[in-house]
Amino acid sequence: MASTGLLVVSNIKQLGQSLRSIEKYVNSLYIHLNVPASTLPTPPPVWGRLISQLYADSSSYVDNKLDLRVLVAPLRQQHDARTLKLRKPIDIIFSDAHHPELCDRLRSELNISKPTIFLQDTKGCTDLQADSGKSVNQKVFPNVVLGGTFDRIHIGHKIFLTQAVLRTCKRLVVGVTTAAMTKGKVLPELILPVEERIAQLREFLLDIDNTLQYDIVPIDDPFGPTQHDPEMDMIVVSAETLRGGQKVNEIRAANQLCQLDIFAIDIVESNVNDGIHESKVSSSNTRIDLLGTRWQQPLARPELPRRPYIIGLTGGIASGKSKMAERLGNMGAHVIDCDKVAHDVYEPGQPCCEKIVQHFGQEILGSDGRIDRTKLGPRVFGNPQELQALNAIVWPEIRVEVNRRLAVLRAGAHVPKVVVLEAAVLLKAGWETNCHEVWSMIVPAEEAIKRIMERNKLSESEAKNRLAQQVSNVDIVSKSQVIFSSQWDYDFTQRQAERAWQMLTKELEQAERMSSSL
Ligand SMILES: CC(=O)SCCNC(=O)CCNC(=O)[C@H](O)C(C)(C)COP(=O)(O)OP(=O)(O)OC[C@H]1O[C@@H](n2cnc3c(N)ncnc32)[C@H](O)[C@@H]1OP(=O)(O)O
């Protein structure tokens with residue numbers, strides 16, 4: 001199902017039930033407010049509260065998968081001149097009231113073959129009500145501005161953007177934060193690239209109202225073009241960023257630019273209250289919900305035997321990889337810990353051990369004649385050449401041993417369905433090609449530094465140095481199919497693990513059914 005619907009709505013009181021029925025048919029829905037002819041044309045802001053209410057209420061009935069877009073352009077036109085210019089082709093029209101003549105007209109204008117679905121009998125329903133003039137700021141300006149990160153547009157963004165569109169009659173400027181400004185956010189590595197966020201914003205804005213000019217620009221500081229653009233009249237902010245709006249005016253005063261009218265919208269509260277998600281509807285929450293889900297589709301690896309299915313488990317230093325491996329092991333995976341394999345190949349008598357002593361000298365041995373990792377570690381961490389030399393000796397040996405263990409498993413009577421290959425530097429070693437997919441752990445740098453200082457008894461600068469040797473979280477994420485983060489409590493990490501495991505089990509069962517039916 002990847003289709004788009006148009007809902008002609010005359011009574012938003014019953015909208016919840018309507019949306020629930022519609023969700024089964026489409027994943028994208030334009031909402032056309034069938035406002036009474038007598039109210040058009042009205043200053044568009046009078047519809048602001050109703051539209052915000054509609055978006056806010058929708059979250060109680062349908063999840064984010066149904067992409068709702070309330071059309072603003074038709075609210076600007078005379079009733080009989082209202083033609084819909086939509087970007088996506090419409091597959092089907094829904095209507096909550098019996099307006100067959102309007103729906104017939106729209107069907108023919110939009111070239112829709114399917115009959116209109118009338119959702120329920122709403123005889124006697126009241127017409128959509130505009131806000132009475134006094135209770136709302138009805139001012140409309142030629143040039144309006146707003147800003148934000150706008151990662152994966154959610155209903156809070158839709159309200160924010162729509163309120164700005166309703167108050168603009170010529171040009172809307174949208175500042176979109178670049179990576180330089182999003183570092184401090186929750187799971188910043190999962191924020192979409194600024195170009196993608198800008199493209200999504202443009203699509204949404206043109207969808208709801210194609211009569212305005214949209215200047216959507218990347219911003220590297222909180223004030224963007226408001227600092228120097230004389231052609232601005234109003235700034236739309238959220239209740240949280242009101243202070244930012246006032247600061248903009250202070251900067252504009254200093255730069256001898258006109259003051260902006262400030263319009264603040266309310267924050268939309270989220271339905272979840274678990275101490276992990278934010279209490280408002282937010283992109284951070286959306287990103288948190290991506291943990292333990294399929295972040296990217298696995299690449300085809302036809303060269304690898306189908307069973308066991310190999311998951312490379314990796315992640316930054318002190319990110320909780322071993323604990324995650326243990327969790328996946330408890331759920332049924334066979335775990336191969338590459339660090340333990342490294343310990344084995346370091347044993348005296350092993351060719352790897354001899355090569356290491358040849359390169360680094362006898363001083364890296366302990367009194368028992370074994371390689372002392374506390375002596376070897378400081379020789380390589382902070383010295384890229386020596387680390388590379390060690391990797392060149394050790395990685396091929398570990399890989400041979402891992403492949404030997406996999407061959408033993410494959411030849412056994414009970415081949416495990418899933419093997420988790422836990423390897424701290426899997427991506428640096430390029431071992432992802434040996435795995436069907438990569439699952440990764442990430443934690444914020446400050447958390448990793450704190451953990452390294454505690455666990456490895458290192459100073460802050462030593463911990464930072466260790467962290468600097470690692471593949472960055474952004475690079476880890478770009479090469480991973482599932483992401484986890486252990487920055488919250490134990491139970492939440494467990495929930496992420498269970499989610500991913502259930503998803504994989506289902507997928508593997510499906511693949512098995514398909515191959516046996518061939
Ligand atoms: C491809 C793989 O992932 S194989 C598994 C990782 N092992 C290797 O790469 C072998 C080379 N490394 C080593 O032998 C050891 O790390 C030593 C001897 C250098 C240091 O040993 P120790 O002081 O015990 O440190 P330890 O092995 O716990 O490593 C500490 C961190 O350094 C990082 N690290 C380990 N090896 C490397 C490496 N080759 N390059 C960069 N970082 C590394 C890991 O992220 C590890 O973090 P983690 O414990 O949260 O996973």
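Order of listing sets the numbers, starting from 1, for every ligand and every atom in it. No experiment lies behind these values; they were computed from the predicted model shown.
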If you count the atoms of ligand 1 from 1 in the order shown, which ones are under 4.0 Å from a heavy atom of [X]?
X	answer
Phe381	16 (O), 19 (C), 20 (C), 32 (O), 34 (N), 42 (N), 43 (C)
Asp339	27 (O)
Ile398	4 (S)
Ala429	1 (C)
Leu426	3 (O)

Legend entry - Approximate separation, where rounding is to 0.5 Å, of Leu68 CG and Leu19 CG: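 Atom-to-atom, Leu68:CG and Leu19:CG are 5.5 Å apart.
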Legend entry - Value rounded to 0.5 Å, distance of CZ in Phe381 from CD1 in Ile317: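 Here the rounded value is 6.5 Å.
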Salt bridge check: are [X] and [Y] linked by an N-O gap of less than 4.0 Å?
X	Y	result
Asp289	Arg152	no
Glu401	Arg405	yes
Asp489	Arg495	no
Lys65	Glu23	no
Arg451	Glu447	yes
Lys280	Asp266	no
Glu203	Arg87	no
Glu250	Arg243	yes

Inset, instruction - Please say which of Arg294, Gln296, Arg301 ends up in a side chain to side chain contact (heavy atoms under 4.5 Å, CB included) with Pro298. - result: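 Single pass found, and it is Arg294.
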Looking only at heavy atoms, is any part of [X] under 4.0 Å from ligand 1, and if so is it the side chain, the backbone, or both, or is it neither?
X	result
Thr314	neither
Ala318	backbone
Arg455	side chain
Val380	side chain

Legend entry - atom 50 (O) of ligand 1: any protein heavy atom closer than 4.0 Å: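 Given the 4.0 Å limit, the answer for atom 50 (O) of ligand 1 is yes, a protein heavy atom qualifies.
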Legend entry - Within-shell test, Arg399 vs ligand 1, heavy atom, strictly < 4.0 Å: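 It does not; every heavy atom stays at 4.0 Å or beyond.
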So which protein heavy atom does [atom] come closest to, and at what separation?
atom	result
atom 40 (N) of ligand 1	Leu387 CD2, 3.6 Å
atom 44 (C) of ligand 1	Ala424 CB, 3.7 Å
atom 14 (O) of ligand 1	Tyr346 OH, 2.3 Å
atom 5 (C) of ligand 1	Cys338 CB, 3.8 Å
atom 45 (O) of ligand 1	Gln470 NE2, 3.1 Å
atom 39 (N) of ligand 1	Asn391 OD1, 2.7 Å
atom 3 (O) of ligand 1	Val425 N, 2.8 Å
atom 31 (C) of ligand 1	Ile317 CD1, 3.5 Å

Legend entry - Pairs flagged by ring-ring contact (aromatic ring centres under 6.0 Å, His included) wherever residues 268-322 is involved - sequence neighbours left out: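 As it turns out, the ring-ring contact (aromatic ring centres under 6.0 Å, His included) pairs with a partner in residues 268-322, which skip direct neighbours, are Tyr309-His436.
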Inset, instruction - Return yes if a side-chain donor-acceptor contact under 3.5 Å exists between Gln496 and Ser485, otherwise no. - result: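 No.
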Inset, instruction - Please work out which of Arg373, Lys428, Arg379, Gln469 has its closest non-hydrogen atom nearest to atom 23 (O) of ligand 1. - result: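 Checking each option, the heavy atom nearest atom 23 (O) of ligand 1 is found in Arg373.
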Legend entry - Arg466 N/O under 3.5 Å from ligand 1 N/O: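 No, since none of the N or O atoms of Arg466 sits under 3.5 Å from an N or O of ligand 1.
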Inset, instruction - Return yes or no for this condition: an N or O of Lys321 is under 3.5 Å from an N or O of ligand 1. - result: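 Among all N and O atoms of Lys321, at least one is under 3.5 Å from an N or O of ligand 1.
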